[in-house]
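The model shown is predicted, which means the values in this text are computed figures rather than measured ones. For the numbers below, each heavy atom of this structure counts, side chains included, while hydrogens, waters and symmetry mates do not. Chain naming here is simple, since letters A, B, ... match the order of the sequence lines and numbering starts at 1 in each.
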Amino acid sequence: MTSDPSDARTLAADIRWLDVLTGAERDRAWKSLRFARADAGAFVCRQGERIAGWVGVLEGLVRVASTDESGCTTTITGVLAGGWFGEGTVLKREPCRYHAQALCRCRLAILPAEGFDALLASSLRFNRFVMDQLNERLSQFIGAREWERLRRPDLRVACQLTQLHNAVLNPRAGTLVKLRQQELADLAGLSRQCVNRSLAQLQERGLVRVQYGGVQVLDAAALAREVEAGHG
DNA sequence: TCATTAAATTGTT
DNA sequence: AACAATTTAATGA
């Protein structure tokens, strides 16, 4: 992960939570923000180490996963551009229980713990934002347990798509989830060919629409139902 | 702006 | 894993 302050002025608009702050709070938050790049495969945070701060993905895709004693890695969630992670670890000042790895070249924003705490202390609306974020994360972590039980590859793909779709906070259907099939394969723990076939199946059933550089989620509710049925 | 070329991504075996 | 087909991005007139 390389530091790249030159990106600093490029996009304040891409950080959604800045909008919930007052002018003074926003200025202070902006000053404490740091920017970085991560190449494909680079670790944004390693399991057991301390996290640099609250991490936002401005561009690209980061996989949050845990590795158990036997060396088996489980994907917890993928974080697309616009998403933030690590709030739980920053709050508790604990070493990271999971690792975060860039799946492609990424641009990141980092709000160090001091800046994060300052906002929590001063802004009610920021607290609300973080609470919603934590709540979302909680359900994903619970889902990660069931994840391992999913055997059908198309359901694994459907599950990842559902989470990514939710993570970007898209209430409306027909939203494009921008990621390569290779990246989806990395998230789902499948080969690219397998993901390709699974996507074709899902498209056949009218649940998604496959296109170059992304997948349109046409019926998020139906996708979620399929995954749920797969658990049962 | 448009045509050509290179690079990236996808579909298939 | 390899290959062909398709799509995007880059280049230069």
Taking only residues two or more places apart in sequence or in another chain, which ones pass ring pair (Phe, Tyr, Trp, His ring centres under 6.0 Å) with Phe85(A)? none

Main chain of Ala188(A), side chain of Arg156(A): is a donor-acceptor contact present, judged purely on distance under 3.5 Å? yes

What integer distance in Å separates Glu183(A):CD from dA8(B):P? 13 Å

Whole angstroms only, please: what is the CZ-C1' distance between Arg209(A) and dT7(C)? 14 Å

Tell me the interatomic distance from Lys178(A), atom NZ, to dT10(B), atom P, rounded to whole angstroms. 13 Å

Within a radius of less than 6.0 Å around CZ of Arg26(A), do more than 12 heavy atoms belonging to other residues, nucleotides or ligands occur? yes

Could you give the CZ-to-P distance, from Arg105(A) to dA7(B), as a whole number of Å? 17 Å

Among side-chain atoms of Gln140(A) and Thr77(A), is any donor-acceptor pair under 3.5 angstrom? yes

Could you check whether the rings of Trp84(A) and Trp54(A) sit parallel, tilted or perpendicular, using 30° and 60° as the cut-offs? tilted

Taking OH from Tyr212(A) and P from dT10(B), how many angstroms apart are they, rounded to a whole number? 7 Å

Give the rounded distance in Å between these two atoms: CD of Gln182(A) and P of dA2(C). 14 Å

Atom-pair distance (CG on Leu61(A); P on dT9(B)), nearest Å: 13 Å

Roughly how many Å is it from CG in Leu179(A) to C1' in dA8(B), rounded to a whole number? 15 Å

Go through the structure and list residues passing salt bridge (charged side-chain N to carboxylate O under 4.0 Å, His left out) with Arg151(A), not counting sequence neighbours. none

Anything under 3.5 Å between a protein N or O and an N or O of nucleotides 11-13 of chain B, put it in a table, one pair a line.
residue : atom : partner   : partner atom : Å
dG11(B) : OP2  : Gln181(A) : OE1          : 3.4
dG11(B) : OP2  : Gln181(A) : NE2          : 2.6
dG11(B) : OP2  : Asn196(A) : ND2          : 2.4
dG11(B) : N7   : Arg192(A) : NH1          : 3.3
dG11(B) : O6   : Arg192(A) : NH2          : 2.8

